[in-house]
4 protein chains.
Amino acid sequence: MAKNLAPDSTRRSEKSRRAIYDAALALVGEVGYPKTTIEGIAARAGVGKQTIYRWWSSKAEVLMEAFLDLGEQVNRDVGQEPYVIPDTGDLAADLKAVLRATVDELKDPRFEVPSRALAAEGVVNEQLGRQFVAKLLEPSLQLYVERLRSAQAAGDVRPDVDPRIALELFVSPLAQRWLQYSGPISHEYTDTLVDYALHGIAPR
Amino acid sequence: MAKNLAPDSTRRSEKSRRAIYDAALALVGEVGYPKTTIEGIAARAGVGKQTIYRWWSSKAEVLMEAFLDLGEQVNRDVGQEPYVIPDTGDLAADLKAVLRATVDELKDPRFEVPSRALAAEGVVNEQLGRQFVAKLLEPSLQLYVERLRSAQAAGDVRPDVDPRIALELFVSPLAQRWLQYSGPISHEYTDTLVDYALHGIAPR
Amino acid sequence: MAKNLAPDSTRRSEKSRRAIYDAALALVGEVGYPKTTIEGIAARAGVGKQTIYRWWSSKAEVLMEAFLDLGEQVNRDVGQEPYVIPDTGDLAADLKAVLRATVDELKDPRFEVPSRALAAEGVVNEQLGRQFVAKLLEPSLQLYVERLRSAQAAGDVRPDVDPRIALELFVSPLAQRWLQYSGPISHEYTDTLVDYALHGIAPR
Amino acid sequence: MAKNLAPDSTRRSEKSRRAIYDAALALVGEVGYPKTTIEGIAARAGVGKQTIYRWWSSKAEVLMEAFLDLGEQVNRDVGQEPYVIPDTGDLAADLKAVLRATVDELKDPRFEVPSRALAAEGVVNEQLGRQFVAKLLEPSLQLYVERLRSAQAAGDVRPDVDPRIALELFVSPLAQRWLQYSGPISHEYTDTLVDYALHGIAPR
DNA sequence: CGTTAATCGAGACGGTACGTCGAGTCTTAAG
DNA sequence: CTTAAGACTCGACGTACCGTCTCGATTAACG
């Protein structure tokens with residue numbers, strides 16, 4: 001009997017999956033996350049509702065995969081390197097450059113709506129939140145860890161500093177302002193963050 | 001004609017308002033935000049749905065006010081000062097103390113569920129997000145601004161530093177870890193943040 | 001104690017009563033009986049809801065009184081005689097004339113909507129139905145009874161015939177066709193009814 | 001697009017339909033028509049409200065079909081002939097017999113409440129009223145038409161009489177008394193109606 | 001002829017039902 | 001066995017009215 005466990009993924013329709021991803025992202029972009037419904041995604045994708053329920057367990061999960069897929073797709077298109085932090089030897093300049101790029105990306109509506117949607121869901125749904133962090137946030141943060149390690153090797157960062165924590169000094173403020181609308185975001189702002197973070201706010 | 005705008009707030013039932021606040025907070029605590037419904041709040045409060053719709057325009061708004069009210073209530077009970085940052089002259093120690101208290105509060109389930117709910121809604125609903133910031137977040141942050149200004153006067157913080165930005169160096173990382181489950185939260189962690197923020201991560 | 005019983009009718013506002021009658025009839029005419037609401041009547045009459053509930057116990061009752069009042073008003077305007085059945089000595093002609101007038105009245109939209117509303121309510125609400133009959137229907141039927149009695153005296157109707165039943169032979173068919181849309185209504189039709197009723201359908 | 005028109009009736013759940021008919025009739029019988037609600041029918045039938053709204057557009061329509069179905073069901077149970085008017089050759093006796101049976105039926109509460117409900121709704125809602133007549137009333141009246149035609153052939157009714165009108169002489173008075181509570185209903189009463197109708201009220 | 005108690009307009013209140021939407025499950029027919 | 005389609009039960013939505021209940025602000029009978 002035991003019929004309901006584990007659909008056979010070898011028989012899965014690739015076309016439907018693509019259509020679902022596309023529909024989900026399009027709808028979230030057009031009407032926002034709360035008004036995006038499974039029913040709506042199915043209709044837009046020309047797919048039965050069951051096809052969605054068979055492979056995903058929630059709207060958030062669909063969107064998460066769609067978003068991840070979008071990322072991979074973009075990466076495949078652009079080149080293989082997902083995106084890296086430059087290492088010119090000038091730590092401050094490198095960090096400022098990356099953060100400026102991040103500021104621009106955060107303001108790109110193509111990414112903004114689904115990112116917010118996922119982030120918001122993650123705040124309230126711990127499981128999804130951890131997934132979001134593991135699959136989307138942490139990989140990016142690891143790039144900073146690496147850059148900071150390299151800076152430690154070059155003597156530009158104190159050796160006793162924990163890079164995973166240090167990076168939060170400039171990344172988290174930006175993240176918070178964006179997430180919570182707690183302040184304006186600009187290149188000057190992130191430049192200032194880098195300066196403060198590198199040298200502290202206490203007088204030398 | 002124009003009859004539907006602005007109910008007469010002088011005739012508002014205080015008892016109903018209280019009951020609605022209580023029910024909303026209780027339900028959010030018990031079943032979580034998404035499963036908290038207007039219908040449920042009304043039923044629990046022993047109130048007609050219309051009485052909620054008359055005075056609030058969304059579940060989020062109800063919860064926001066309920067939460068604000070809870071804060072005020074607690075403040076009234078405890079004493080008049082909402083809560084302040086000590087100024088012992090030792091900036092690092094003062095900040096560490098407050099942040100440790102914040103860590104504890106963030107883990108208190110009484111506040112955690114509704115806070116998350118509101119924060120999450122604010123991520124996705126800009127209007128509410130800005131309200132959340134203005135009414136709940138910014139007032140707290142202003143306390144840090146004041147403490148940092150005092151530290152600048154005492155020569156413990158460089159005079160060219162913008163306190164509103166500087167405070168984010170230690171507040172935002174904690175906020176992000178809490179909001180996004182992007183890392184563990186502990187007293188050691190916040191102590192470290194203060195140290196890094198005050199003196200920077202670059203060698204002197 | 002006993003405060004709620006019997007409002008003091010000497011203090012009753014005549015202006016409000018008139019306004020309520022007018023509003024009720026206007027609304028029933030405009031939107032039909034089911035969409036006519038107490039709230040709507042009150043708003044239209046510029047009257048508090050309580051003023052309606054104080055003096056009437058249901059929508060149907062308001063409408064009934066409004067309709068009765070309308071009748072009296074019309075009678076007052078036209079002349080004192082409500083309306084009578086002529087007695088020219090020619091029974092068939094007299095009945096045909098009255099029924100032709102009735103046909104015309106039934107088609108007058110000014111009376112049709114509220115009459116139907118009341119009649120319908122009376123079908124389902126026995127108390128109101130009996131009131132409707134007693135106050136509106138029976139007085140009219142009594143006129144036929146009198147005319148038939150006079151005809152019996154003149155030898156135009158068999159003396160053993162019960163006039164109260166006899167009148168139904170021509171009145172009820174018209175009433176049913178009108179009430180139930182069970183057939184078209186015309187002067188020819190009522191003429192035929194009178195002929196059949198007077199002489200029967202069996203051959204002599 | 002155009003998705004909302006015409007649900008696929010081949011996939012309709014027969015079980016739900018039956019349950020809805022049963023619930024509707026039961027509720028109308030128990031609490032009366034005005035207190036019978038779609039919500040109540042759905043709950044009683046163990047059915048989603050949408051399933052009702054999908055297939056019917058109003059409470060009246062549901063009840064109408066339920067009532068029609070009840071009739072068919074009864075007919076199926078009893079025998080194939082719906083019910084006929086006897087033709088013993090004695091027209092008066094035959095009519096009296098049928099009308100006596102009708103009187104009894106009109107007093108049977110099993111039929112009375114829903115019949116009144118439908119009739120009342122039909123008074124005020126022309127579309128439904130005509131449906132009521134077409135599906136329920138007229139078929140019964142046709143039986144009288146046929147019996148009268150047969151009587152005409154036998155020379156018991158004048159050949160120039162229109163049977164469709166003639167039947168109203170005895171049917172409509174009964175109908176009106178029942179519908180409007182305008183008089184008592186009894187076997188003697190209907191007998192009298194038949195006598196009057198057949199021979200007229202004028203002396204021979 | 002003021003007093004005062006009831007009625008008045010207004011509308012907030014606790015409720016019930018409305019008709020709609022979407023969730024997630026289940027069934028059917030086609031491939 | 002998966003798929004598109006969509007009917008099903010369920011529950012919440014936000015709205016409309018119900019009938020009850022305060023509120024001042026008029027009134028109108030009577031003291």
Side-chain angles (χ1 to χ4, degrees), chain A residues 3-4 7-13 15-16 19 34-43 45-55 57-59, chain B residues 3-4 7-13 15-16 19 34-40 42-43 45-55 57-59, chain C residues 3-4 7-13 15-16 19 35-43 45-55 57-59, chain D residues 3-4 7-13 15-16 35-43 45-55 57-59:
Chain A
K3 116 179 170 197
N4 281 338
D8 181 348
S9 51
T10 64
R11 293 178 156 248
R12 181 167 184 183
S13 159
K15 197 172 59 154
S16 293
K35 291 194 174 172
T36 296
T37 64
I38 298 262
E39 213 146 74
I41 295 172
V47 139
K49 281 203 286 179
Q50 202 55 258
T51 302
I52 297 186
Y53 284 109
R54 195 174 356 257
W55 303 108
S57 60
S58 71
K59 178 170 70 160
Chain B
K3 101 173 176 206
N4 281 340
D8 181 347
S9 52
T10 65
R11 303 183 49 187
R12 184 166 183 183
S13 159
K15 199 171 60 155
S16 294
K35 291 195 175 171
T36 295
T37 64
I38 300 257
E39 210 146 80
V47 139
K49 279 201 283 180
Q50 207 61 287
T51 299
I52 298 185
Y53 285 111
R54 190 163 15 241
W55 302 109
S57 60
S58 68
K59 178 170 69 161
Chain C
K3 117 179 169 196
N4 281 337
D8 180 347
S9 51
T10 63
R11 289 174 160 253
R12 183 167 184 183
S13 159
K15 197 171 60 156
S16 293
K35 290 194 176 175
T36 296
T37 64
I38 299 261
E39 214 147 74
I41 295 171
V47 138
K49 281 200 287 179
Q50 202 56 260
T51 300
I52 297 185
Y53 284 109
R54 189 164 14 244
W55 303 108
S57 63
S58 70
K59 179 169 71 159
Chain D
K3 102 173 175 206
N4 282 340
D8 180 347
S9 51
T10 65
R11 304 185 47 187
R12 183 166 185 182
S13 159
K15 199 171 58 156
S16 294
K35 291 195 175 171
T36 295
T37 64
I38 300 259
E39 210 145 80
I41 296 172
V47 138
K49 277 200 285 180
Q50 207 61 287
T51 299
I52 297 185
Y53 285 111
R54 199 177 351 259
W55 303 108
S57 59
S58 68
K59 180 170 68 160

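A, B, ... follow the sequence lines: proteins, then strands. Residue 1 opens every chain. As the structure is a prediction and not an experimental result, all values here were calculated from the model.
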Task: Residue mapping more 5' on DNA chain E - nearest nucleotide basis, B/A45 or D/G40 - done: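 On the 5' side of the pair lies B/A45.
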Open item on the list: Quick check: on DNA chain E, is the nucleotide nearest C/A42 upstream (toward 5') of the one nearest D/T36, or the reverse? Name the residue that is more 5'.
Closed with: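 Whichever sits nearer the 5' end wins; that is C/A42.
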Write down the atom of [X], the atom of [Y], and the distance for their closest heavy-atom approach.
X: A/I52; Y: A/I41; result: CD1-CG2, 3.8 Å
X: C/A19; Y: C/A45; result: O-CB, 3.5 Å
X: B/S58; Y: B/I38; result: C-CD1, 4.3 Å

[X] [atom1] to [N] [atom2], straight-line distance once rounded to whole Å:
X: C/K59; N: F/dA16; atom1: NZ; atom2: P; result: 16 Å
X: C/I52; N: E/dG11; atom1: CD1; atom2: C1'; result: 14 Å
X: C/R12; N: E/dC8; atom1: CZ; atom2: P; result: 7 Å
X: B/D8; N: E/dG11; atom1: CG; atom2: P; result: 8 Å
X: C/E39; N: E/dA10; atom1: CD; atom2: P; result: 13 Å
X: B/I38; N: F/dT15; atom1: CD1; atom2: C1'; result: 13 Å
X: C/R11; N: E/dA5; atom1: CZ; atom2: C1'; result: 6 Å
X: C/K15; N: F/dA28; atom1: NZ; atom2: P; result: 9 Å

- [ ] For B/Q50 and for A/V47, locate the closest nucleotide of DNA chain F by heavy-atom distance; then report the residue assigned to the nucleotide nearer the 5' terminus.
- [x] A/V47
Taking OP1 and OP2 of [N], is either one under 4.0 Å from a side-chain nitrogen or oxygen of [X]?
X: C/T10; N: F/dA29; result: no
X: C/W55; N: E/dC8; result: yes
X: A/S16; N: F/dA4; result: yes
X: B/T51; N: E/dG14; result: yes

TODO: Go through the steps for B/W55 and B/S9 under the test side-chain contact (heavy atoms from CB on, under 4.5 Å), then give the verdict.
DONE: CA-CA 9 Å; B/W55 302 109; B/S9 52; 4.0 Å; yes
TODO: Confirm from the modelled atom types if A/K49 and E/dG24 form a donor-acceptor pair under 3.5 Å, side chain to base only.
DONE: yes
Open item on the list: Nearest to the B/Y53 side chain among E/dC26, E/dA17, F/dC13, which nucleotide is it?
Closed with: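 Given the options E/dC26, E/dA17, F/dC13, the side chain of B/Y53 is closest to F/dC13.
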TODO: Name the nucleic acid region contacted by D/R54, choosing base, sugar-phosphate or nothing; use a 4.0 angstrom heavy-atom cut-off, strictly under.
DONE: base
Open item on the list: Any base atoms under 4.0 Å from C/G46, or only sugar-phosphate, or nothing? Heavy atoms, all strands.
Closed with: sugar-phosphate
Open item on the list: Keeping B/K59 on the side-chain end and B/T36 on the backbone end, is there a donor-acceptor pair under 3.5 Å?
Closed with: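 A pair under 3.5 Å: yes.
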